[in-house]
*Asks:* 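Here it is, the structure in full.
Quick note: residue numbers are just sequence positions, from 1.
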Amino acid sequence: MTRIGILIGSTRPGRKGDRVARWVHERAARRGDAEFEVIDLLDHPLPHLDEPLPALAGRYRHGHTRAWADTIARFDGFVMVTPEYNASIPGVLKNAIDYLYAEWTHKAVGFVSYGGGGGTRAARQLRTVCELLRMAAVTPQVSLSLHTDFEDDATLTPGAHHVSALDTLLDAVVAHSTEGRTATPTQRETDEAAIRRHIGQVIDAIRAKDLEGLRRHYSTDVVSFDIDPPLRHVGIDAKLENWANVFTFFREVTYELRHLMPTVGEDVAFTHAFGRLSGTLPDGTAVGGMWVRVTFCFRKIDGDWLITHDQVSVPLDMPSGRGVVDLEP
């Protein structure tokens, strides 16, 4: 299904962007034609642009860039929520955009702005930036006034005309995103995007501790070389039992992948990445986890890509025979 990211373009203390994004998401979640997810720049801290090569080159040196690229690549389109600061967009939003190129291009984008005058000048500048990135900026937009759409300068109370405008904006973003996904890509690009979505959904299911959600992404005969003994785990039930043990161990689970690299054939594909499982224990203790090497092997079964093999490993210190668990990607 088409995935739309709702990007909060401000990290300022006391910001209103999280409330605006929550309103957009609540309205969008009623639809059945796409999946919507909030992307908060607070969760993706990026230093001032520190890549030595232009984003157009696609050769990202730093881990934080590659992690940001992996996040943005999962989506087919975006709704960007921006305030207006001094007749422009926030520096943190421009910085986040400038880090990437290919992950933005040919994707639809709509704008929800807010400010004293509705944030229209910020939206106009943001539209120019996105169009230079060859994004499909849709015409409908929403402009919220700090004077009339926020009660006591705090609670968002948009008028009915804004709700109607948001629905129109979402219609356009979803339509352009769906067209962009299906009309122009090659079969390999389509399959690669499908595999990235599968992995994104696996991550979502892990974070939600959703065993049935995970089941949908593995073949029944999956063979897993997991980090836990024995040497191999055969079948979907064995794989899900491993995940059930993880979910019992953690009260809250966080899982992230970095440097995801898919290689796609006609009916077989594999990806490799670095993964980290972390979370909160039942007693409230936060556990940072360790980075491991992860490989997913896919097979196209009845037209759907399913994981038929996965492998998790850590490097081995040969003299001591112990795993090295303190490395960073």
*Asks:* Classify the angle between the aromatic ring planes of Tyr255 and Trp243 as parallel (below 30°), tilted (30 to 60°) or perpendicular (above 60°).
*Replies:* perpendicular

*Asks:* Ring centres under 6.0 Å, that's the criterion: do His44 and Trp68 meet it?
*Replies:*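 Centroid separation for His44 and Trp68: below 6.0 Å.
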
*Asks:* Does Lys94 pair with Asp98 as a salt bridge, N-O distance under 4.0 Å?
*Replies:*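 Result for this pair is yes, salt bridge flagged.
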
*Asks:* Considering all heavy atoms of both residues, which atom of Val81 and which atom of Gly17 are nearest to each other, and what is their separation?
*Replies:* CG1-O, 4.0 Å

*Asks:* Answer yes or no: is there a side-chain heavy-atom contact under 4.5 Å between Phe247 and Val253?
*Replies:*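 Of all side-chain heavy-atom pairs linking Val253 with Phe247, at least one is under 4.5 Å.
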
*Asks:* Is it true that a side-chain atom of Asp40 and a backbone atom of Asp43 form a donor plus acceptor pair closer than 3.5 Å?
*Replies:*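 No, the answer is negative, given that no donor and acceptor are paired below the 3.5 Å cut-off.
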
*Asks:* Ignoring hydrogens, what is the shortest heavy-atom contact between Leu93 and Leu41? Give both atom names and the distance.
*Replies:* CA-CD1, 4.0 Å

*Asks:* Can you measure from CZ (Phe298) to CD1 (Ile307) and round to the nearest 0.5 angstrom?
*Replies:* 4.0 Å

*Asks:* If we only count heavy atoms from C-beta on, is the Phe270 to Val264 side-chain gap below 4.5 Å?
*Replies:* no

*Asks:* Can you confirm whether more than 12 heavy atoms, excluding those of Asn86, are under 6.0 Å from its CG atom?
*Replies:* no

*Asks:* Within a 6.0 Å radius of atom CD on Glu266, are there more than 12 heavy atoms belonging to other residues, nucleotides or ligands?
*Replies:* no

*Asks:* Indicate yes or no: at least one non-hydrogen side-chain atom of Tyr114 is less than 4.5 angstrom from one of Glu84.
*Replies:* no

*Asks:* Is there a chain of hydrophobic side chains (I, L, V, M, F, W, Y, each step under 4.5 Å between heavy atoms) that links Val79 to Ile97?
*Replies:*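 No, it is not one cluster - the side chains of Val79 and Ile97 are not joined through contacts under 4.5 Å.
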
*Asks:* Tell me if a side-chain donor or acceptor on Ser164 pairs with a main-chain N or O of Ala160 at a distance below 3.5 Å.
*Replies:*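 No; zero donor-acceptor contacts below 3.5 Å.
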
*Asks:* Val163, Val112: one ILVMFWY side-chain cluster at the under-4.5 Å cut-off?
*Replies:* yes

*Asks:* Would a distance-only check, ignoring hydrogens and angles, find a side-chain to backbone donor-acceptor pair under 3.5 Å from Arg66 to Leu260?
*Replies:* no

*Asks:* State whether a side-chain donor-acceptor pair under 3.5 Å links Arg127 with Gln141.
*Replies:*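 Yes, Gln141 and Arg127 have a side-chain donor paired with an acceptor closer than 3.5 Å.
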
*Asks:* Once rounded to the nearest 0.5 Å, what's the spacing between atom CG of Leu281 and atom CD of Glu252?
*Replies:*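 Taking CG in Leu281 and CD in Glu252, the distance rounds to 11.0 Å.
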
*Asks:* Around atom CZ of Arg232, are there more than 12 heavy atoms of other residues, nucleotides or ligands at under 6.0 Å?
*Replies:* no

*Asks:* Out of curiosity, Leu133 CG to Glu103 CD, how far, rounded to the nearest 0.5 Å?
*Replies:*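 The distance works out to 10.5 Å.
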
*Asks:* Go through the steps for Leu277 and Phe250 under the test side-chain contact (heavy atoms from CB on, under 4.5 Å), then give the verdict.
*Replies:* CA-CA 10 Å; Leu277 185 72; Phe250 286 101; 4.1 Å; yes

*Asks:* Could you check whether the rings of Tyr99 and His64 sit parallel, tilted or perpendicular, using 30° and 60° as the cut-offs?
*Replies:* perpendicular

*Asks:* If you measure from the Lys or Arg side-chain nitrogens to the Asp or Glu carboxylate oxygens, is any gap between Arg251 and Asp283 under 4.0 Å?
*Replies:* no

*Asks:* Could you walk me through whether Tyr60 and Glu51 pass the side-chain contact (heavy atoms from CB on, under 4.5 Å) check?
*Replies:* CA-CA 7 Å; Tyr60 304 136; Glu51 286 290 335; 4.2 Å; yes

*Asks:* Is the backbone N or O of Ser10 less than 3.5 Å from a side-chain atom of Arg15, with the two atoms forming a donor-acceptor pair by type?
*Replies:*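 Yes; judged by distance alone, with no hydrogens or angles, the pair exists.
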
*Asks:* Verify, without hydrogens or angle tests, whether Arg121 (side chain) and Ile89 (backbone) share a donor-acceptor contact under 3.5 angstrom.
*Replies:* no

*Asks:* Are Leu166 and Leu146 grouped together when hydrophobic residues (ILVMFWY) are joined by side-chain heavy atoms under 4.5 angstrom apart?
*Replies:*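 Per the 4.5 Å side-chain linkage, Leu166 and Leu146 are co-clustered.
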
*Asks:* Checking Leu144 against Leu156 for the side-chain contact (heavy atoms from CB on, under 4.5 Å) test, could you report, in this order, the C-alpha distance in whole Å, the side-chain angles of both residues, the deciding distance, and whether it holds?
*Replies:* CA-CA 9 Å; Leu144 301 169; Leu156 176 61; 4.1 Å; yes

*Asks:* Between Gln125 and Ser88, does a side-chain hydrogen bond (donor to acceptor under 3.5 Å, both in side chains) hold up when you go through it step by step?
*Replies:* CA-CA 7 Å; Gln125 290 191 10; Ser88 185; 2.7 Å; yes

*Asks:* For the ring pair His309 and Phe225, is the centre-to-centre distance below 6.0 Å?
*Replies:*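 Yes, they do, as the ring centres are separated by less than 6.0 Å.
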
*Asks:* Step through it carefully: locate the ring centre of Phe36, locate the ring centre of His25, and say whether they are under 6.0 Å apart.
*Replies:*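 Between Phe36 and His25, the centre distance exceeds or equals 6.0 Å.
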
*Asks:* Contact between Thr157 and Thr148 at the side-chain level, heavy atoms closer than 4.5 Å - yes or no?
*Replies:*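 The answer is no; the side chains never approach within 4.5 Å.
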
*Asks:* Evaluate the salt bridge (Lys or Arg N to Asp or Glu O under 4.0 Å) criterion for residues Asp50 and Arg61: first the C-alpha distance (whole Å), next the side-chain angles of each, then the deciding distance (0.1 Å), finally the verdict.
*Replies:* CA-CA 9 Å; Asp50 60 353; Arg61 174 175 295 182; over 6 Å; no

*Asks:* Determine whether more than 12 heavy atoms belonging to other residues, nucleotides or ligands lie under 6.0 Å from atom NE2 of His48.
*Replies:* no

*Asks:* Counting only N and O atoms by type, is there a donor-acceptor contact under 3.5 Å from the side chain of His198 to the main-chain atoms of His217?
*Replies:*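 Looks like no, no N/O pair under 3.5 Å.
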
*Asks:* Using modelled atom types and a 3.5 Å cut-off, is there a donor and acceptor pairing between side-chain atoms of Lys300 and backbone atoms of Gly265?
*Replies:* no

*Asks:* If we count only N and O atoms by modelled type, under 3.5 Å, do the side chains of Asp76 and Thr2 hold a donor and an acceptor together?
*Replies:* no

*Asks:* Identify whether the distance between the nearest side-chain nitrogen and carboxylate oxygen of Asp167 and Arg27 falls below 4.0 Å.
*Replies:*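 Answer for the salt bridge query: yes.
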
*Asks:* Do we see a donor-acceptor contact under 3.5 Å between the side chains of Thr248 and Asn245?
*Replies:*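 Per modelled atom types, Thr248 and Asn245 side chains form no pair under 3.5 Å.
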
*Asks:* Indicate yes or no for a side-chain donor-acceptor contact from Asn95 to the backbone of Gly91 under 3.5 Å, with no hydrogens or angles considered.
*Replies:*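 Judged by distance alone, no pair lies under 3.5 Å.
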
*Asks:* Would a distance-only check, ignoring hydrogens and angles, find a side-chain to backbone donor-acceptor pair under 3.5 Å from Arg276 to Gly289?
*Replies:* no

*Asks:* Check whether the side chains of Thr105 and Arg134 place a donor and an acceptor atom closer than 3.5 Å, and report yes or no.
*Replies:*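 Side-chain D/A pair, Thr105 to Arg134: absent.
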
*Asks:* Determine, stepwise, if the pair Asp171 / Arg31 fulfils salt bridge (Lys or Arg N to Asp or Glu O under 4.0 Å).
*Replies:* CA-CA 10 Å; Asp171 287 342; Arg31 307 172 64 98; 2.8 Å; yes

*Asks:* Considering only heavy atoms from C-beta outward, does the side chain of Thr128 approach that of Cys130 to under 4.5 Å?
*Replies:* no

*Asks:* Should Asp149 and His162 count as side-chain neighbours, where that means a heavy-atom distance under 4.5 Å?
*Replies:*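 When only atoms from C-beta onward are counted, His162 and Asp149 do touch, with a gap below 4.5 Å.
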
*Asks:* What's the spacing between Leu7 CG and Ile72 CD1 if we round to 0.5 Å?
*Replies:*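 Answer rounded to 0.5 Å: 6.0 Å.
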
*Asks:* Taking it one step at a time, do Glu37 and Arg3 satisfy salt bridge (Lys or Arg N to Asp or Glu O under 4.0 Å)?
*Replies:* CA-CA 8 Å; Glu37 180 181 330; Arg3 293 176 65 104; 3.0 Å; yes

*Asks:* Going by heavy atoms in the side chains, are Val294 and Val292 under 4.5 Å from each other?
*Replies:* yes

*Asks:* Taking all non-hydrogen atoms of both residues into account, name the closest pair between Ser113 and Thr120 and its distance.
*Replies:*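 In terms of heavy atoms, the two residues are closest at OG-N, 4.1 Å.
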
*Asks:* Check Phe111 against Leu169 and note the closest heavy-atom contact, atom names and distance.
*Replies:*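 Heavy-atom minimum between the residues: O-CD1, 3.3 Å.
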
*Asks:* Any idea which heavy atoms bring Ala34 and Ile4 closest together, and the distance?
*Replies:* CB-CG1, 4.1 Å

*Asks:* For the atom pair CD1 (Ile8) and OG1 (Thr82), what is the distance rounded to the nearest 0.5 Å?
*Replies:* 11.5 Å

*Asks:* May I ask whether Met135 and Val142 are part of the same hydrophobic cluster, defined by side-chain heavy atoms of I, L, V, M, F, W, Y residues being less than 4.5 angstrom apart, directly or through others?
*Replies:* no

*Asks:* Test side-chain contact (heavy atoms from CB on, under 4.5 Å) on Ser219 and Thr308 and set out the steps.
*Replies:* CA-CA 5 Å; Ser219 66; Thr308 59; 3.4 Å; yes

*Asks:* Looking at Asp70 and Arg196, what are the two nearest heavy atoms and their distance?
*Replies:* OD1-NH1, 4.3 Å

*Asks:* Give the cluster check for Val246 versus Val312: same hydrophobic cluster or not, with ILVMFWY residues linked at side-chain heavy-atom distances below 4.5 Å.
*Replies:* yes

